[in-house]
Amino acid sequence: MHGGSRGWSAALTRKGIWSRLRLTSLRLRLVVVFGLVALTAAVSASGIAYWLNREAVLTRAQDAVLRDFESEMGNRASALPDHPTQDELQRAAGLMATGGQHFTVLLVAEDADGRTVYGGSGGLNGFTLGDVPESLRTAVNKEQPLDSGNKSPYHLYWQRIVDDGTPYLVAGTRVIGGGPTGYMLKSLEPEAKDLNSLAWSLGIATGLALIGSALLAQAAATTVLKPVHRLGVAARRLGEGKLDTRLRVSGTDELADLSRTFNSAAEALEKRVDDMAAREAASRRFVADMSHELRTPLTAITAVTEVLEEELDSESGGLDPMIEPAVRLVVSETRRLNDLVENLMEVTRFDAGTARLVLDDVDIADQITACIDARAWLDAVELDAERGIHARIDPRRLDVILANLIGNALKHGGSPVRVSVRVEESTDEVVIRVRDHGPGIPEDVLPHVFDRFYKASASRPRSEGSGLGLSIALENAHIHGGEITAANSPDGGAVFALRLPRDASEVVSAAEGETAGGTVKGTTRGATEKGDA
């Protein structure tokens, strides 16, 4: 028992681990949903924060540089003469570049001879007019019309550019009232590095948020799914027939209500199954007791009917011709009633699980021949079976199966009835087929041919058969570990196929290995049975 418990626990553990790893598991889906929500929220928040900080940093740096440049232009460049020399421009540009923002300056003007002269601070490998975007130069040199909203013909313009992966701020303006045009170039690399550090920080925060959400989802999944897992295990145990399975209930949430509902349903199911089992046991006892009680008077009646039958068959004509039909009816009905009682007792054994096998090594061909010969069917049955096909089975129960199958073929089918025997090597089974040449079995009847007391024609509730023969034959096949199937042959007629293992003792041993005194297909393994069928 301990080993079995450990094995069951290990199986559950493996199953639990596998359920957590399955892509369709609720746990994984919950973790993924939590992760996606957290990732979306974190990325959105990080993106907004980065964008806001980026604009704030760049705007702050840009405004400081532009204010300084505009101030220097007003102080230094406007102090130059209208037509400065290149040296004057150079000296002024150098002074402008020494401010706190450390930008590079380029001044452009016309000297006294009308030539364009340049003066630069000389930083950043030489800042030239070619480094200034043409659109910015055009805007700087364009004179704006004066009106109430515009008091100055020239304005300060700026633009951000990227050169070799480094961001720069370029700005330009002209001195009002005549004078040089000034351009400024400022590297934004420190601000870019700060923004990259911010981006890395936000990325790390996003990753941590994702990990935290996964851990939170795992904790939530454990809290939520643990009762669901217990419910699934309990449902499986309930499906295995362990009707005393109950869940431990704690709390007042929806899962606790579900557990209480499960316990109530399991309790109602256990009670109903117990009631049904009690009624079924009572019904079996009633049938068994009734059959047993009927056997005693039937034995006496059978003895009397045998005497009456001998009188009927005697040449002296001892019976009055007026009562002869009644006597024949009594004899046939007594025989039918005796068969019905025997069949009921056999069915009761199957239902109670007390039907047992008495195994013996038999030649299948000899067994079929003996069955046919005992019932005087030799002239009506064709046998296609080689001698030497042996099987370890219960010969009495095989005789019952064959008698039912062949008898039904003769009674309800059409002659000739053919019985064939083959061995399937792949499954190590003996296959016995009984085929007639009658009209076959209606399609709506085929699913019910093995049902108890089933008769194909509802208008003929009384017939020679009891409706139990094929059912008993099927049960006898089952306790051997075999099967019987019914079908219609394409060439006409019905075909019943009986499959039996070559050695039924293997089935018995397997059943006894699973549970001592257990049942396989309704048959309890125990002491060998002697006596009636």
Side-chain angles (χ1 to χ4, degrees), residues 291 298 302 332-350 355-360 362-385 389 391 393-421 430-438 441 449-456 463-480 482-486 493-500 504 522-523 529-533:
S291 301
L298 271 177
T302 301
S332 64
E333 289 299 312
T334 300
R335 185 179 296 113
R336 180 172 175 269
L337 182 59
N338 192 62
D339 292 341
L340 176 60
V341 170
E342 294 295 331
N343 287 339
L344 285 174
M345 293 190 69
E346 184 74 352
V347 168
T348 303
R349 293 191 191 96
F350 286 124
R356 301 179 182 94
L357 293 176
V358 181
L359 300 178
D360 194 10
V362 298
D363 187 299
I364 300 298
D366 291 345
Q367 187 70 21
I368 298 175
T369 302
C371 175
I372 296 173
D373 185 42
R375 293 161 180 82
W377 292 339
L378 286 174
D379 294 336
V381 178
E382 297 179 358
L383 179 60
D384 178 15
I389 299 177
I393 55 177
D394 188 328
R396 182 182 68 83
R397 295 191 181 277
L398 178 60
D399 182 77
V400 172
I401 298 172
L402 294 172
N404 275 291
L405 296 182
I406 299 173
N408 271 281
L410 292 171
K411 188 184 302 181
H412 303 293
S415 296
V417 172
R418 182 180 178 85
V419 181
S420 61
V421 180
V430 176
V431 182
I432 303 173
R433 287 185 172 85
V434 179
R435 178 191 171 190
D436 62 54
H437 289 76
I441 305 173
V449 293
F450 295 105
D451 294 350
R452 293 176 182 178
F453 299 107
Y454 181 82
K455 295 183 180 180
S463 64
E464 295 183 10
S466 63
L468 292 173
L470 288 178
S471 174
I472 292 174
L474 182 62
E475 293 291 348
N476 279 310
H478 282 172
I479 66 174
H480 283 88
E483 187 61 78
I484 303 178
T485 56
V495 180
F496 286 82
L498 167 65
R499 293 177 176 272
L500 294 176
T523 302
E529 176 188 14
K530 298 180 181 178
D532 45 30

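A391 and V430 make their closest contact through CB-CG2, 4.4 Å (heavy atoms, listed as atom of the first residue, atom of the second, distance). Contact record, L383 with A365: CD2-O, 4.3 Å, taken as the closest heavy-atom pair. Scanning both residues, A403 and W377, for their nearest heavy atoms gives O-CH2, 3.6 Å. Nearest heavy atom pair, residue V400 against residue N404, reads O-ND2, 2.8 Å. Heavy-atom minimum distance, V449 versus A486: CG2-CB, 3.9 Å.
The structure places CG of L500 at 12.5 Å from CZ of R397, a figure rounded to the nearest 0.5 Å. Atom CG of residue L470 and atom CG of residue N408 lie 4.5 Å apart, to the nearest 0.5 angstrom. If you take CG on L498 and CG on N476, they are separated by 10.0 Å, rounding to the nearest 0.5 Å. Remark: L402 CG to I432 CD1 distance equals 5.0 Å, nearest 0.5 Å. Note that the CD1 atom of I484 and the CG atom of L405 stand 5.0 Å from one another [nearest 0.5 Å]. In this structure, the separation between OG1 on T485 and CZ on R499 is 6.5 Å, given to the nearest 0.5 Å.
Between the side chain of H437 and the backbone N or O of G493, no donor-acceptor pair lies under 3.5 Å. With D399 contributing its side chain and P395 its backbone, the two residues share no donor-acceptor pair below 3.5 Å. Checking side-chain atoms of D436 against main-chain N and O of V417 turns up no donor-acceptor pair under 3.5 Å.
The side chain to side chain contact (heavy atoms under 4.5 Å, CB included) with V419 is formed by just one residue from the set I406, D384, T369; it is I406.
Other residues, nucleotides and ligands contribute over 12 non-hydrogen atoms within 6.0 Å of the CZ atom of R375.
Under a 4.0 Å N-O distance rule, the pair R418/E382 qualifies as a salt bridge.
At least one side-chain heavy atom of F496 sits less than 4.5 Å from a side-chain heavy atom of I441. V381 places a side-chain heavy atom less than 4.5 Å from the side chain of L410. Side-chain contact between E483 and L474 is present, with at least one heavy-atom pair separated by less than 4.5 Å.
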